[in-house]
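Take this structure first; my questions come after.
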Amino acid sequence: MRNRSWAFLAGGLLVALLLAGVVSNYASSHPDGLDSSLLKGCTVDADDNIVGGSCPAQQARDHEFADSPLADYGVRGVGNSFVSTGLSGVLGVLVTFAIGAGGFWLLRRRGTTPTDGDATTSPEGATPAEDDAATSRAGTAG
């Protein structure tokens, strides 16, 4: 990979780490879309506890991974919520980057230079695409 590609990749990773580690702490603690639509039909108090009515949010329960180390946008065991949220974001970016880089590494193309035993050239020295094009031109001319 060229130096420019490495610089672009490192810059993108740095921006993602800064956004996840710092800016994520300033996101709204009251997301709007899904949560508010699930509360339609219910009466909620100031702490967003359901006190009456009927809505889909009453069927909500904890997720299977609610006790995982990175549950609820934080790291379990870290007392400072700012550090906990930032650390969970940084860990998420690093894990995602590692999985993506590993996938690209597995799927990358190996060396593409033909060797003497490869079938990429015909005995006359033309590539298969040139042979196909010559054959199709000869077939349409006759």
Side-chain angles (χ1 to χ4, degrees), residues 1-140:
M1 198 182 275
R2 295 184 316 215
N3 281 343
R4 245 181 122 149
S5 298
W6 281 110
F8 180 75
L9 189 63
L13 182 60
L14 181 64
V15 168
L17 288 170
L18 284 172
L19 288 173
V22 179
V23 177
S24 64
N25 282 294
Y26 300 104
S28 173
S29 60
H30 300 286
D32 53 326
L34 182 60
D35 287 340
S36 66
S37 66
L38 289 175
L39 289 172
K40 289 194 190 249
C42 281
T43 306
V44 294
D45 62 8
D47 295 326
D48 288 334
N49 296 320
I50 299 172
V51 293
S54 176
C55 63
Q58 290 172 322
Q59 306 301 320
R61 56 184 167 76
D62 279 342
H63 192 270
E64 296 172 0
F65 300 111
D67 294 330
S68 70
L70 297 176
D72 205 19
Y73 303 106
V75 177
R76 188 177 349 139
V78 177
N80 185 330
S81 66
F82 188 88
V83 173
S84 177
T85 301
L87 187 58
S88 71
V90 166
L91 289 173
V93 166
L94 291 175
V95 167
T96 302
F97 180 79
I99 291 170
F104 278 110
W105 180 78
L106 289 173
L107 296 175
R108 72 179 180 184
R109 294 178 69 184
R110 303 291 176 183
T112 59
T113 55
T115 60
D116 291 338
D118 285 348
T120 57
T121 57
S122 66
E124 298 83 29
T127 62
E130 291 170 342
D131 283 345
D132 292 344
T135 305
S136 65
R137 280 194 301 267
T140 57

Name of the residue among D72, V93, L70 meeting side chain to side chain contact (heavy atoms under 4.5 Å, CB included) with S88: L70
Disulfide (SG to SG under 2.5 Å) contacts in which one or both residues fall within residues 38-92, not counting sequence neighbours: C42-C55
Heavy-atom side-chain contact between T43 and I50 under 4.5 Å: no
Just distance, no hydrogens or angles: give the donor-acceptor pairs under 3.5 Å from side chains in residues 7-26, sequence neighbours left out.
{"residue": "S24", "atom": "OG", "partner": "A20", "partner atom": "O", "Å": "2.5"}
{"residue": "N25", "atom": "ND2", "partner": "G21", "partner atom": "O", "Å": "3.3"}
{"residue": "N25", "atom": "ND2", "partner": "F82", "partner atom": "O", "Å": "3.3"}

Side-chain donor or acceptor of T85 paired with backbone N/O of S81 under 3.5 Å: yes
Residue pairs passing the ring pair (Phe, Tyr, Trp, His ring centres under 6.0 Å) test where at least one lies in residues 34-69, sequence neighbours excluded: H63-F65
L39 to V44 - nearest heavy-atom pair and separation: CD2-CG1, 4.0 Å
